[in-house]
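Okay, so here's the structure we're looking at.
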There are 2 protein chains.
Amino acid sequence: MPLRDQKKSRVTLLDVARHANVSRATASLVIRKSPLVGSETRARVEEVMRELGYVYNMGAARLRAERSHTVGVIVPNLTNPFFAELLSGIEAMIDDAGLVVILANSGDLVERQDVVMQRMREHGVDGVILCPAAGTEPTYLRRATEWNLPLVQVLRHISDEADYAGVDYAGGMHQAVDYLVSLGHHRIAFAVHGPIHSAYHERISGFGEAMRSHGLGADMIIRVPNQLGEIANSANLLLNHSEPPTAVICFNDVIALGLSAGLYDCGVKIGSDFSLIGFDDVTDAEAMRPRLTSVSTAPATIGENAARLLLSRLRDPLRSPEKIVQQTQLHVRQSCAPAMIAAV
Amino acid sequence: MPLRDQKKSRVTLLDVARHANVSRATASLVIRKSPLVGSETRARVEEVMRELGYVYNMGAARLRAERSHTVGVIVPNLTNPFFAELLSGIEAMIDDAGLVVILANSGDLVERQDVVMQRMREHGVDGVILCPAAGTEPTYLRRATEWNLPLVQVLRHISDEADYAGVDYAGGMHQAVDYLVSLGHHRIAFAVHGPIHSAYHERISGFGEAMRSHGLGADMIIRVPNQLGEIANSANLLLNHSEPPTAVICFNDVIALGLSAGLYDCGVKIGSDFSLIGFDDVTDAEAMRPRLTSVSTAPATIGENAARLLLSRLRDPLRSPEKIVQQTQLHVRQSCAPAMIAAV
DNA sequence: AAAAGATTTTAGATCGATCTAAATGCGCAT
DNA sequence: ATGCGCATTTAGATCGATCTAAAATCTTTT
């Protein structure tokens, strides 16, 4: 029983309406679950939809209703475990709301971000969750406002004029520094990598504040490679320092894993000879031995927060900008030891 | 200069056409880069588009052209590093082709897969790249054919009636077994987890074949938990065996990381006391010490292969089904030692 | 200059759903 | 039986792009 010729087999709402002996507008009210339709009529139309295998055409609805039920998600990296967990949290919330995620990788480049943002606009996304590429200017977010495009910044804060879901990076740095100081460490390094962005600045200044609050110097900041496999070689930056640190706080768990491997290669025993703290507490770090002490940021929860903000923005476009800042939690495990027995 | 009232600020192709003194159809031909338009006319129309900030409406185009320029990607897990790398490869190829990825997580459940597949159809995706949930039947893929929905299976093979991009799992198992046997190991275990699917069967049978080809028993298969943090506890399954193995091949690198940690906890030295091989060679395993010997499957490349197949299918819908099977490569590092000095 | 052929542009219909106000049907009261 | 009020259904326009064949314009040939 073809309703259309073989080249186009799509069952439309008009087909459904004809079979159910109602108008297209009634059939449309049925699929939108409008209370204005009688229950008999509704049942009849729904039965016909099932029989004919009707599939809603979101594209057609979108043209008239000016709503695509899609959300753009732009991240700077797809393979870093942190972003994988963030994306997981975002997708779960968006899915729960009955929308779909259109995904793009900016590669942490503003030019690529422009390209994918334009593509999102062409696809008429209802809103965007953006982890801004390094170097993104506040004017960039202002343009989204001009476009009437709902937007949530996540993890990297560019502007107070848009919603933001992030982490209390400074608070997390304080927790790490305070803990190491409580173990008697005075020479504490901070290992960083990646591009300069708000999350970077917050961690740097958080480290500085925390160290100074204990009357300690905050200048021992080493820069390591971005690639996990190359970070191990940077362990000697710590060991060959004129005044070697007794502990290191890592910008993220990728650095913690990499430095841990490098210190192992140099015969240094973490958790006795040397203390090390990660940041983010991603799942992948669970396999590290000794067990990693890490500042937990719960990336999946941050993703959920971002999605929550966007969904809220879609319901109330004129709501004033809001921030959800996730508090960190230090998970003490076995990668740190008191400084007195940790002397190198 | 609002061209519409404030409630709807969208610049349409009709606006562009009026400003450029051409018809809508001509303006449409310009944005589609049709060779049928004169260069003067083209330049004029393009200039007007820039001035007015015209943004293409993909949804409108889709309604008439029956093409959405979107590709559905359904994976069973978003946080496993393997799938993160696979997704990265897919997104890169799809982006290169000027399409966008609509992402969904099936949670490895057929019922969820049904829901997200339906949603993909409503959104009118041009095609789907599907890593089938465990328990997916061949009839499931047959339905995609009935829907005229281009589909590529990736990693888990359900049916010969659809394109498939995967790995030569059996070949990889042979490489691992051959290598351990070349080191003198005879008692080799195989550590598995996760749901039963084609990739699972291929690895099991590949292990069996490889072991039997060396006249060895293939019954030492241990099942470990799915969560990375819980796998370590399974190390004693190896150590407390009536005839303890001297080596283990891990179903994937997640298991390798987890068992490595568990063996460390038991005081077993990998790469001297005991030999261990991973599978997939994901980036995250680069931090392991001793350095992990792993069978490389290049997940990002598999993702690219899957996308390549789908793009090819979009160009030639009637092409016969094709398979791209990625050959594995054993990356020998330091997690294995000869059996004679590896006696437990 | 006129005709023929090639190139470029156009008019009107179409895609499948939603919107909006009008029409219709039903139940109740007089 | 008629009128009123409410519930339900409907007709026609709309959304913004593409499709398709016809019309218009330009170039070349006779």
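Here is how names work: the chains are called A, B, and so on, in the same order as the sequence lines, proteins then strands, and each is numbered from 1. Note: hydrogens, waters and symmetry copies are ignored here, and every other heavy atom, side chains too, is used.
Ionic pairing of Asp126(A) and Arg67(A) is present here: one or more N-O contacts between side-chain nitrogen and carboxylate oxygen are shorter than 4.0 angstrom. With respect to Glu47(A) and Arg50(A), a salt bridge is recorded, a charged nitrogen being found less than 4.0 Å from a carboxylate O. Here Asp163(B) does not pair with Arg308(B) in a salt bridge; the nearest charged N to carboxylate O distance is not below 4.0 Å.
Projected onto DNA chain C by closest heavy-atom contact, Met58(A) and Ala25(B) fall at different nucleotides, the more 5' of which corresponds to Ala25(B). Between Arg64(B) and Thr41(B), the residue whose closest nucleotide on DNA chain C is further toward the 5' end is Thr41(B).
Each of dT8(C), dT9(D), dT10(C) was ranked by its minimum atom distance to the side chain of Leu29(A); first place goes to dT9(D). Counting only heavy atoms from C-beta on, Thr12(B) has its side chain closest to dA17(D) among dA17(D), dT9(C), dT18(D). Here dC15(C) is the nucleotide among dC15(C), dA11(C), dA17(C) with the atom lying nearest to any side-chain atom of Leu63(B). With distances taken from any side-chain atom of Tyr56(B) to the nucleotides dA17(D), dT10(C), dG16(C), the minimum falls on dA17(D).
Put simply, CZ on Arg67(A) is 16 Å from C1' on dC19(C), counting in whole angstrom units. A straight line from CD1 of Ile31(B) to P of dA17(D) spans 6 Å, rounded to a whole angstrom. Here the P atom of nucleotide dG16(C) and the NE2 atom of His123(B) are 18 Å apart, to the nearest Å. Going from atom CG of Leu52(B) over to atom P of dG16(D) covers 14 Å, rounded to whole Å. The OH atom of Tyr54(B) sits 8 Å away from the C1' atom of dG16(D) (whole-angstrom rounding). The CG-C1' distance, from Leu14(A) to dA11(D), rounds to 13 Å in whole Å. One atom, CZ of Arg18(A), and another, P of dG16(C), lie 11 Å apart when rounded to the nearest Å. Arg42(A) places its CZ atom 13 Å from the C1' atom of dT9(D), with the value rounded to the nearest Å.
In terms of heavy atoms, Gln113(B) sits closest to Ala133(B) at OE1-N, 2.7 Å.
Across all strands, Ala61(A) comes closer than 4.0 Å only to sugar-phosphate atoms, never to a base (heavy-atom distances). Among the heavy atoms of the strands lying under 4.0 Å from Leu13(A) are primed sugar atoms or P, OP1, OP2 only; no base atom is included.
Between dT9(C) and Thr26(B), no contact under 4.0 Å exists linking OP1 or OP2 to a side-chain N or O. Between Arg32(B) and the phosphate of dC19(D), there is a side-chain N or O to OP1/OP2 separation shorter than 4.0 Å.
Counting heavy atoms from C-beta on, the side chains of Val167(B) and Ile302(B) come closer than 4.5 Å.
The base of dG12(C) is paired with the side chain of Arg24(B) by a donor and an acceptor separated by under 3.5 Å.
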